[in-house]
Number of protein chains: 2
Amino acid sequence: MRTTPSSPVGLHRVTEPAGAALPQAARVLDAGPELWPDEVRIDVETLNLDAASFRQLSEKHEGDGAAVRAEVLAIVAERGKMQNPVTGSGGMLIGTVAEVGPESPLGLTAGDRVATLVSLSLTPLTLTDGLERWDGRSERVPAAGTAVLFGRSIAARLPVDLTPDLALMVMDVCGAPALVTRVVADHVARGSAPTVAVLGAAGKSGSLSLAAARAAGAGRTIGVVPFEAEAARLRPTGLADEVVIADARSPLGLSEAVAAAGGPADVTVVCVDVPGCEQPAILATAQGGTIIYFSMATSFSAAALGAEGLAADVTMLVGNGFVPGHADLALDLLRGTPAVRSLFESRLAAEA
Amino acid sequence: MRTTPSSPVGLHRVTEPAGAALPQAARVLDAGPELWPDEVRIDVETLNLDAASFRQLSEKHEGDGAAVRAEVLAIVAERGKMQNPVTGSGGMLIGTVAEVGPESPLGLTAGDRVATLVSLSLTPLTLTDGLERWDGRSERVPAAGTAVLFGRSIAARLPVDLTPDLALMVMDVCGAPALVTRVVADHVARGSAPTVAVLGAAGKSGSLSLAAARAAGAGRTIGVVPFEAEAARLRPTGLADEVVIADARSPLGLSEAVAAAGGPADVTVVCVDVPGCEQPAILATAQGGTIIYFSMATSFSAAALGAEGLAADVTMLVGNGFVPGHADLALDLLRGTPAVRSLFESRLAAEA
């Protein structure tokens, strides 16, 4: 056990630039397996690379799996974490708790099988198997090595009733239904059962958001999808009262489609990972309503200036991926909503 | 008067990309002075460039005022609006109503002296004087030309008891105190008098935010400024219970300074228009707290991933510049808070 002072956010592991940066912004972390008293060490089983990161690596190496593997190994060896230097993103991991420091506040026990819900881009990581079981052609990376969780971190025990792949897929997007639950419940507490529109409603975070909205008391749910194939997937699930096809980047197209389905929305949830949805979402939302932006393609200034430019009195939330209890809430929604579960399982099957 | 159909949000003025984008997202607007029936034409008197935009231009040209002026002229000539292509932001303007279309719902009359409270980034604008009265070294730009307001827009008549420069300076940032009022009142309604930290507290939006926080029931106000000269300006005003000097870009520096002043904050207001304040603001905010990002330098992904990486249960708001009644609220705060008024007047004097 190391005895120098440690920081709950991991500043003590930052070796370059030392002292100033948080682990996510750091170039290099100390990924040594010896723990500080408030840390937890994980024996790694699987890495799940962030989709944007894997795509960048794969395109850079033109699909050459061996070259992708070599670059991932080189990044981790050099930086002490799996953070793609181009996209800045990481991913998450599954593993087994190997050691728990005596001052760790995370409530984990050696032997627990967990998924880490903080990004790999800030998680100290060493790899010991040369990733020999990975062909470099999939985001899911069988791996051996160790990872470290700081005092202030998030890890969820893997449920025993779901496959790890399914659980991981749910936990990857679990912030969305948790925040939707909070916002819809807040509207309900103010006396109305809100109309909720979800953009990208047939996707992972979108379908969970629809289920969360209904469970939290939404009066009407509107699922927006970009084309008929997605609509055909969403309609039979019954997750949305209305399924409409519209381009979420089209201000008029989106607002007219949502209006025709019973809008404008009191709560609009943006789960579409393309740029340009800020103002369309604002136009589709009622005065006094709330917009939750979950897409990493969201432009802060487009949203801020967009609302002002439309004289729109809307509350706009940055989709924080952390809400206490988010993993359990999402897993329970999956368990309790067969339509969501079958959407996720068909997506898993398609990826396999 | 033009006779083709028009849209209250100005779609009819978008020439590139035609038909798809709203004026704010458009590359080029038709800024021609001939009106559609629901529009208003303004004879321009002064432009007020957004602070982030002016700073970017000034730094790009290393303070060369003539080069800054040339670039502003080029942007307006090319785009039909003053939208900085790097920051995406605009600013606002003062002028006199020249013509009111018969179907305009804004309630304006020819001859009214007004400030437009929608961003220049979406306002059709032509300049006719080459900005010859501007030295390119200040955000306030004496100008001649015409601007157009759409059906759905915001313009405020200039008050008669304040100078136009002072009124404009207040209205330029009036969204901040209005949203701070709403958020603080919401915390108060939930049973606590929140601790409010304002980053950039000696500035325009910062000082008004401090005054708004106190008026709305904040329990303690903390003003954060970057160096002693600003602290010396803020301390005697009494707007903040505590004035602390810290770099808002330093995660540890900021959070420790706010903690020492009685933090963490329940509400953190970011009025510092430099990049990199997202995670520091998160670290300075209590679990369950709210952060309002008013700076156009805010990165959406840095905020979203930053909160997740710190396991921070914080509500993060995109600082919407429009809240109904915002101009009157800010002007009343100025009138009723001599300390705010003197800060604004000394800033005006320094800029003159």
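Convention: sequence-line order gives letters A, B, ...; per-chain numbering from 1. None of the values given here were measured: they were computed from a predicted structure.
Contacts between A:Ala312 and chain B at a heavy-atom distance below 4.5 Å involve backbone atoms as well as side-chain atoms. Heavy atoms closer than 4.5 Å to chain B are found nowhere in A:Ser121, neither backbone nor side chain. For chain A, the nearby parts of B:Leu317 are the backbone and the side chain; heavy atoms of each come within less than 4.5 Å. For chain A, no part of B:Thr123 is nearby; none of its heavy atoms comes within less than 4.5 Å.
A salt bridge (charged side-chain N to carboxylate O under 4.0 Å, His left out) check over residues 286-315 of chain A, counting only residues at least two apart or in different chains, returns the pairs A:Asp313-B:Arg182.
Counting only distance, with no hydrogens or angles, the side chain of B:Gln83 and the backbone of B:Gln24 share a donor-acceptor pair below 3.5 Å. With hydrogens and angles ignored, the 3.5 Å screen pairs a side-chain donor or acceptor of A:Thr298 with a backbone N or O of A:Ser295. Here the side chain of B:Lys81 pairs a donor or acceptor atom with the backbone of B:Ala26 at under 3.5 angstrom.
Taking both residues in full, the closest heavy atoms of B:Pro5 and B:His12 are given as O-CB, 3.7 Å, listed atom of the first, atom of the second, then distance. Between A:Leu106 and A:Ser153 the shortest heavy-atom distance is CD2-O, 3.5 Å.
Chain A forms the most heavy-atom pairs under 4.5 Å with one residue out of B:Gly253, B:Ser301, B:Pro251, and that residue is B:Pro251. Interface remark: of the candidates A:Ala297, A:Gly319, A:Ala311, A:Ala311 forms the most heavy-atom pairs closer than 4.5 Å to chain B. Of the listed residues (B:Leu310, B:Val314, B:Val118), the one with the most heavy-atom contacts under 4.5 Å to chain A is B:Leu310. Contact count against chain A (heavy-atom pairs under 4.5 Å) is highest for B:Leu305 among B:Val9, B:Leu305, B:Val323, B:Thr315. Listed options B:Tyr293, B:Phe150, B:Phe294 were ranked by heavy-atom pairs under 4.5 angstrom with chain A; first place goes to B:Tyr293.
Identified by a heavy-atom distance below 4.5 Å to chain B, the contributing residues of residues 267-291 of chain A are A:Gln279, A:Leu283, A:Gln287, in residue-number order.
Taking OG1 from B:Thr87 and CG from B:Asp50, the interatomic distance works out to 6.0 Å, rounded to the nearest 0.5 Å.
By the 6.0 Å contact criterion, CZ on B:Arg249 is open, its count of non-hydrogen atoms from other residues, nucleotides or ligands being 12 or less.
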Before giving the answer on side chain to side chain contact (heavy atoms under 4.5 Å, CB included), spell out for A:Val170 and A:Leu208 the whole-Å C-alpha distance, their side-chain angles and the decisive distance to 0.1 Å. CA-CA 9 Å; A:Val170 173; A:Leu208 276 170; 4.3 Å; yes
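Side-chain N/O atoms of A:Ser7 and A:Trp36 include no donor and acceptor closer than 3.5 Å.
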